[in-house]
Amino acid sequence: MNETVDVLIIGAGASGAAVAWSLAETKMRILCLEQGDWQKPSGYPSSGRDWEARLSEDFAISPNRRRLAADYPINDDDSPIKIANFNGVGGGTILYAGHYPRLHPSDFKVRSLDGIAEDWPIDYATLEPFYALNDRMMGISSLLGDPAYPPKEAVMPPIPMGRTGQTLGKAMNRLGWHWWPSDAAIVTREYEGRAPCINLGQCGSGCAQGAKGSTDVTYWPEAIRARIELRSRCRVSRIETNEAGMATGAYYFDADGREIFQPAEIVIMACNGIGTPRILLNSASDRFPNGLANSSGLVGKNLMLHPYAQIRGHFDQPMDGHRGSPICTWSHEFYETDRSRGFVRGYCYQFSRGTGPVRAAINGMADGLIPWGEGHHAAFRRLFGHSAGMVSVCEDLPEETNRVTLDPDLKDADGIPAPKITYRLSDNSRKMLDHSVARGIEILKAAGAHHITTKAPLPFAGWHLMGTARMGADPERSVVNEWGRSHDVKNLFIVDGSVFVTSGGVNPTSTIQAVALYIADQIKSRLYELFD
């Protein structure tokens with residue numbers, strides 16, 4: 001058996017890295033277990049000519065397609081939106097696009113403002129200093145003055161808008177709708193030993209340049225220098241507890257398939273909105289027959305995924321193609337509730353550049369824009385490098401019927417039950433998707449686009465995993481309290497997207513990390529309370 005550590009963190013992604021770095025100053029003995037491994041930038045798809053093929057193979061966003069040794073299968077047959085994640089040091093930040101919005105102040109008070117869902121037990125002002133700290137740690141590029149947000153600092157200049165941003169920005173001006181250069185976890189100048197972006201355009205398959213803020217190049221080097229131990233290729237199966245109902249550590253399988261117990265005084269879950277409820281439910285025992293920390297019955301429930309719509313058009317003039325950061329500008333014009341639209345809450349647009357040649361050909365043929373035979377090459381030339389568009393990120397309201405459970409049959413390579421996803425789109429989400437498609441078509445027509453295509457919802461866009469162990473003051477209506485501590489197990493904390501009460505209409509990574517830093521700060525200031 002391993003020696004007891006003061007703090008055991010499970011998961012080395014966005015939240016695990018942030019909480020490890022923050023707690024390092026306590027000088028406690030801190031260990032992080034990660035079921036994946038360190039990534040080699042030289043092995044990222046952008047280092048070879050087969051980069052597009054690898055997006056459907058070893059760098060696919062779906063673990064069911066990728067099937068690497070670090071992955072676990074996910075049964076998402078009962079969901080129109082398929083789950084995307086990545087297991088390794090850096091977690092999902094390895095494959096995300098670096099798009100980096102914050103939640104809005106209104107997102108924390110949905111119940112008070114709109115009479116739906118629940119209010120968070122914390123607010124934007126509580127997280128603001130942690131947002132700012134996280135922006136500095138991750139290296140965020142942005143433009144000051146965005147009217148969609150309260151005032152905030154800019155760490156470095158924004159990423160280039162390119163022809164896409166300029167063309168669609170002019171269209172938004174003609175319509176009188178909000179748009180702004182997007183915040184991005186992509187450095188635009190030398191920063192903390194990281195080289196600036198060189199516009200390879202492959203943000204979503206690992207940044208070989210090191211310009212994108214994945215936590216393996218931001219938080220983890222700092223945390224390891226502060227003597228945090230990170231043990232990779234360790235797949236945690238369950239959390240153990242004692243007769244007093246306290247967590248005593250975790251069982252994990254090492255790279256050789258041996259099951260080992262790691263004792264700890266404090267356990268912190270950072271495995272995302274699917275992985276965390278999976279482990280908690282698999283930690284059921286006589287003391288916790290419905291799963292660990294689950295007296296409320298809400299572990300795994302209220303899964304939120306952000307339904308996406310995609311609206312793309314083609315232009316006579318050349319656009320940016322696949323060069324540059326995929327997402328350059330955003331719009332929050334339709335973010336806040338306007339009941340005249342027929343739904344509550346709202347969505348943001350992420351304006352995006354074109355695709356690589358293979359994807360342009362496949363999508364063009366699937367959309368009926370590129371024929372077989374005569375005219376094939378001419379049609380491809382008209383499309384490739386001439387497309388741009390947007391996705392809408394629609395707020396997903398919490399519903400207990402949308403949930404993560406343990407599959408009775410499917411297991412991973414170590415025999416741990418796989419998660420099973422049960423998810424349905426609400427009427428509110430469908431109306432929101434329809435609205436975003438209609439307005440997106442307006443924008444593209446105003447920009448001069450033709451041959452506009454739409455998809456809603458995007459089926460393989462389940463990369464935002466939230467709500468399955470939410471925070472709140474009432475133990476009967478939440479899993480953790482307002483500072484991330486389990487209501488049931490006093491030395492168990494959750495710091496990932498599971499604790500989200502509502503999802504907002506923007507990518508959650510910035511808020512996930514701000515929440516993790518906030519919870520770490522609370523732990524540091526409340527150490528004397530942990531065992532009361």
Side-chain angles (χ1 to χ4, degrees), residues 15 101-128 130-131 269 272-274 276-277 280 290-291 293-307 335-339 343-348 393-405 422-429 431-432 464-488 492-508 510-512 514-516 518-519 522:
S15 60
R102 300 178 181 184
L103 287 183
H104 289 220
S106 65
D107 289 319
F108 298 89
K109 300 297 180 185
V110 170
R111 183 75 179 179
S112 298
L113 293 173
D114 298 311
I116 53 173
E118 303 283 350
D119 287 346
W120 289 55
I122 57 176
D123 57 16
Y124 183 93
T126 300
L127 291 184
E128 197 283 330
F130 301 102
Y131 275 127
M269 302 295 298
N272 76 41
I274 302 296
T276 286
L280 293 178
N290 299 317
N294 197 25
S295 65
S296 65
L298 294 177
V299 169
K301 295 182 180 179
N302 296 302
L303 173 66
M304 297 175 284
L305 293 178
H306 279 157
Y335 197 89
E336 305 294 347
T337 293
D338 179 345
R339 292 186 181 272
F343 55 86
V344 292
R345 303 306 297 156
Y347 58 88
C348 79
V393 183
C394 296
E395 175 156 356
D396 200 5
L397 294 172
E399 297 183 73
E400 291 188 22
T401 52
N402 290 336
R403 62 194 184 275
V404 179
T405 55
T422 303
Y423 178 87
R424 297 288 184 275
L425 285 171
S426 67
D427 289 340
N428 195 72
S429 291
K431 291 175 181 177
M432 199 182 302
H464 300 162
L465 313 172
M466 302 162 287
T468 50
R470 68 180 179 193
M471 62 164 54
D474 183 357
E476 295 184 0
R477 298 294 306 151
S478 56
V479 177
V480 298
N481 71 4
E482 63 274 17
W483 46 285
R485 174 178 171 172
S486 163
H487 291 299
D488 301 345
L492 175 69
F493 293 82
I494 303 175
V495 297
D496 56 51
S498 304
V499 304
F500 277 39
V501 180
T502 53
S503 68
V506 292
N507 305 44
S510 175
T511 302
I512 287 171
V515 168
Y518 157 73
I519 293 174
Q522 292 291 305

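Judged by distance alone, with hydrogens and angles left aside, the side-chain atoms of Thr276 form no donor-acceptor pair with the main-chain N or O of Met269 at under 3.5 Å. Within the 3.5 Å criterion, the main-chain N or O of Met432 finds no donor-acceptor partner in the side chain of Tyr347. Within the 3.5 Å criterion, the main-chain N or O of Asn294 finds a donor-acceptor partner in the side chain of Asp488.
A 4.5 Å side-chain heavy-atom check between Pro105 and Asp123 finds every atom pair outside the cut-off. Between Leu280 and Leu492, some side-chain heavy-atom pair lies under the 4.5 Å cut-off. The closest side-chain heavy-atom distance from Val501 to Pro121 is below 4.5 Å. Under the 4.5 Å side-chain criterion, counting only non-hydrogen atoms from C-beta, Glu399 is not in contact with Arg424. Between Leu127 and Arg102, every side-chain heavy-atom pair lies at or beyond the 4.5 Å cut-off. Within the 4.5 Å cutoff, the side chain of Val506 has no heavy atoms near those of the Val393 side chain. Side-chain contact between Val495 and Val515 is absent, with no heavy atoms from C-beta onward closer than 4.5 Å. At a threshold of 4.5 Å between non-hydrogen side-chain atoms, the residues Asp107 and Phe500 do not count as touching.
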Apply side chain to side chain contact (heavy atoms under 4.5 Å, CB included) to Ile116 and Arg345, showing your working.
-> CA-CA 10 Å; Ile116 53 173; Arg345 303 306 297 156; 4.0 Å; yes
Please report the C-alpha distance between Leu397 and Val344 in whole Å, then the side-chain angles of each, then the deciding distance to 0.1 Å, and finally whether the side chain to side chain contact (heavy atoms under 4.5 Å, CB included) criterion is met.
-> CA-CA 9 Å; Leu397 294 172; Val344 292; 3.9 Å; yes
Go through the steps for Ile519 and Ile494 under the test side chain to side chain contact (heavy atoms under 4.5 Å, CB included), then give the verdict.
-> CA-CA 9 Å; Ile519 293 174; Ile494 303 175; over 6 Å; no
Candidate pair Val110 and Glu395, rule side chain to side chain contact (heavy atoms under 4.5 Å, CB included), full reasoning = CA-CA 11 Å; Val110 170; Glu395 175 156 356; 4.2 Å; yes
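For His487 and Ser295, the side-chain atoms include no donor-acceptor pair closer than 3.5 Å. In this structure, a donor-acceptor pair under 3.5 Å is absent between the side chains of Ser106 and Tyr124. Side-chain contact, Asn428 with Ser426: no donor N or O sits under 3.5 Å from an acceptor N or O.
Rounded to the nearest 0.5 angstrom, Ser486 OG and Met471 CE are separated by 12.5 Å. Note that CE of Met466 and CG of Asp496 are 11.5 Å apart. Values are rounded to the nearest 0.5 Å. In this structure, OG1 in Thr502 is found 8.5 Å from CG in Asp119, a value given to the nearest 0.5 Å. Summarising the geometry, atom NE2 belonging to His104 is positioned 10.5 Å from atom CZ belonging to Phe108; distances are rounded to the nearest 0.5 Å. Separating the CE atom in Met304 from the SG atom in Cys394 is a distance of 14.5 Å, to the nearest 0.5 Å. Taking CD of Glu118 as the reference point, atom CZ of Arg470 lies at 5.0 Å (rounded to 0.5 Å).
A pairwise comparison of heavy atoms in Gly273 and Thr468 identifies O-OG1, 2.7 Å as the closest pair. Contact between Ser478 and Gly472 at its shortest, heavy atoms only, is OG-O, 3.1 Å. Of all heavy-atom pairs spanning Gly505 and Cys348, the tightest one is O-SG, 3.2 Å. Between Tyr131 and Leu103, the shortest heavy-atom contact is OH-N, 3.4 Å.
Checked options Asn272, Ile512, Asn507, Leu305; the residue passing with His464 is Asn507 (criterion: side-chain contact (heavy atoms from CB on, under 4.5 Å)).
The number of heavy atoms from other shown groups lying within 6.0 Å of NZ (Lys109) is above 12.
Ring geometry for Trp483 versus Phe493: interplanar angle of 30 to 60°, hence tilted.
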